[in-house]
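The structure displayed is predicted, hence computed values, not measured ones.
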Amino acid sequence: MPAPIDFYFDFSSPYGYFAAQKIDAIAEKHDRAVNWRPILLGAIFKITGSRPLVNMPLKSDYAARDMSRLARLLGVPFTLPAGFPIATQAAARAFYWTQQRDPRLARELALALYHAYFADGRDISDPETVVDIAAGLGIDRTQLAAALGDSAVKERLKNEVDAAIARKVFGSPFIIIDDEPFWGVDHLDQVERWLATGGW
């Protein structure tokens with residue numbers, strides 16, 4: 001079996017949200033699995049010196065327009081939340097805790113968290129909101145609430161972010177196929193071609 005595709009994303013990334021709607025279907029067409037790997041862009045930005053597009057002069061207006069335009073193109077519900085960007089530690093910890101128990105359910109949780117934030121405007125930086133969303137999928141509310149403050153879960157997320165940085169991941173979405181990196185939702189066509197052809 002070919003190696004799984006690594007899909008790195010931040011829950012506060014609109015472009016990660018868009019890619020999350022497509023990546024599994026693309027991989028499935030080419031008999032690949034996908035490793036979903038939430039990261040924290042804040043930690044990465046400390047290294048790259050970057051910052052969110054909406055906080056950058058000249059780029060901010062374009063970015064907001066581009067996000068809405070791409071959402072319409074993809075047919076994905078999207079409204080830039082009033083609180084944007086946000087810290088996503090709670091969402092990422094919830095994902096990794098769930099993944100250890102049920103990888104399929106963790107993927108469902110990731111999509112539900114993304115939808116809650118970018119379609120419904122819910123504040124997924126709030127641990128209680130994250131627990132509510134997870135409970136709607138049948139995840140145990142009490143266990144997850146405790147896990148979000150657990151040192152082992154925090155360490156897991158830190159290790160995942162450190163490992164992503166070691167692989168030179170610097171944005172969201174960031175997709176790695178057999179050590180070949182692709183940054184951005186606008187590279188999904190290249191991702192699909194690479195999978196189909198084995199590279200060029």
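- Between Phe182 and His187, the ring-plane angle classifies as tilted under the 30° and 60° cut-offs.
- Considering only residues two or more places apart in sequence or on other chains, Gln100 meets the side chain to side chain contact (heavy atoms under 4.5 Å, CB included) condition with Arg156.
- With hydrogens and angles disregarded, a donor-acceptor distance shorter than 3.5 Å links the side chain of Arg93 to the backbone of Leu148.
- Two residues are said to be in side-chain contact when any heavy atoms from C-beta on lie closer than 4.5 Å; Leu70 and Asp186 fail this criterion.
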Mind running side chain to side chain contact (heavy atoms under 4.5 Å, CB included) on Phe11 and Tyr117 for me, showing each step along the way? CA-CA 8 Å; Phe11 281 109; Tyr117 184 49; over 6 Å; no
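- We find the OH-CG distance between Tyr96 and Asn159 to be 10.0 Å, quoted to the nearest 0.5 Å.
- Nearest heavy atom pair, residue Ala87 against residue Ser125, reads O-CB, 3.1 Å.
- When all heavy atoms of Ala3 and Asp178 are compared, the closest pair comes out as CB-OD1, 3.8 Å.
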Let me see the working for His115 and Asp120 under side chain to side chain contact (heavy atoms under 4.5 Å, CB included), right down to the final yes or no. CA-CA 7 Å; His115 189 275; Asp120 299 334; 3.4 Å; yes
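- Side chain of Thr79 to main chain of Pro81: no donor-acceptor pair is present (N/O by atom type, distance under 3.5 Å, no hydrogens or angles).
- Taking each heavy atom of Asn35 and Pro4 in turn, the nearest pair found is ND2-CB, 3.7 Å.
- Crowding of Glu180 atom CD: a count of heavy atoms from other residues, nucleotides or ligands under 6.0 Å exceeding 12.
- Across all non-hydrogen atoms, the minimal contact from Gly16 to Phe9 is CA-CB, 4.5 Å.
- Of all heavy-atom pairs spanning Leu137 and Leu109, the tightest one is CD1-CA, 3.5 Å.
- Atom CD1 of Ile5 is separated from atom CD1 of Ile175 by 7.5 Å, given to the nearest 0.5 angstrom.
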Kindly determine whether Gln21 and Leu111 satisfy side chain to side chain contact (heavy atoms under 4.5 Å, CB included), including the steps that lead there. CA-CA 8 Å; Gln21 316 304 312; Leu111 291 170; 4.1 Å; yes
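- The distance from atom CD1 of Ile26 to atom CG of Leu188, rounded to the nearest 0.5 Å, is 4.5 Å.
- The environment of Arg193 atom CZ is sparse: at most 12 non-hydrogen atoms of other residues, nucleotides or ligands sit within 6.0 angstrom.
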Taking it one step at a time, do His30 and Glu192 satisfy side chain to side chain contact (heavy atoms under 4.5 Å, CB included)? CA-CA 8 Å; His30 302 283; Glu192 189 150 16; 3.7 Å; yes
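- Trp36 and Phe7 have perpendicular rings, their planes meeting at more than 60° on a 0 to 90° scale where under 30° would count as parallel.
- No more than 12 heavy-atom neighbours from other residues, nucleotides or ligands sit within 6.0 angstrom of CG on Leu58.
- The CG atom of Leu113 sits 12.0 Å away from atom OG of Ser12, with the distance rounded to the nearest 0.5 Å.
- Atom CG of residue Asp123 and atom CD of residue Glu128 lie 11.0 Å apart, to the nearest 0.5 angstrom.
- Put simply, CG on Asp102 and CD1 on Ile139 are 8.0 Å apart, with the number rounded to the nearest 0.5 Å.
- Without hydrogens or angle criteria, Arg107 side chain to Asp24 main chain gives no donor-acceptor distance under 3.5 Å.
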Could you go through Phe18 and Phe118, starting from their C-alpha distance and side-chain angles, then the distance that decides it, and tell me whether this counts as ring-ring contact (aromatic ring centres under 6.0 Å, His included)? CA-CA 10 Å; Phe18 300 143; Phe118 286 114; 7.4 Å; no
Could you pull out all donor-acceptor pairs under 3.5 Å where a side-chain atom in residues 165-174 meets a protein atom, sequence neighbours excluded?
{"unit_1": "Arg167", "atom_1": "NH1", "unit_2": "Asp6", "atom_2": "OD2", "d": "2.6"}
{"unit_1": "Arg167", "atom_1": "NH1", "unit_2": "Tyr8", "atom_2": "OH", "d": "3.2"}
{"unit_1": "Ser172", "atom_1": "OG", "unit_2": "Asp10", "atom_2": "N", "d": "2.9"}
{"unit_1": "Ser172", "atom_1": "OG", "unit_2": "Ser13", "atom_2": "OG", "d": "3.1"}

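- Pairs of residues two or more places apart, or lying in two chains, that qualify as side chain to side chain donor-acceptor pair (under 3.5 Å) and include a residue from residues 132-151 are Asp132-Arg141.
- Between Arg69 and Tyr62, the shortest heavy-atom distance links the atoms NH2-OH, 3.2 Å.
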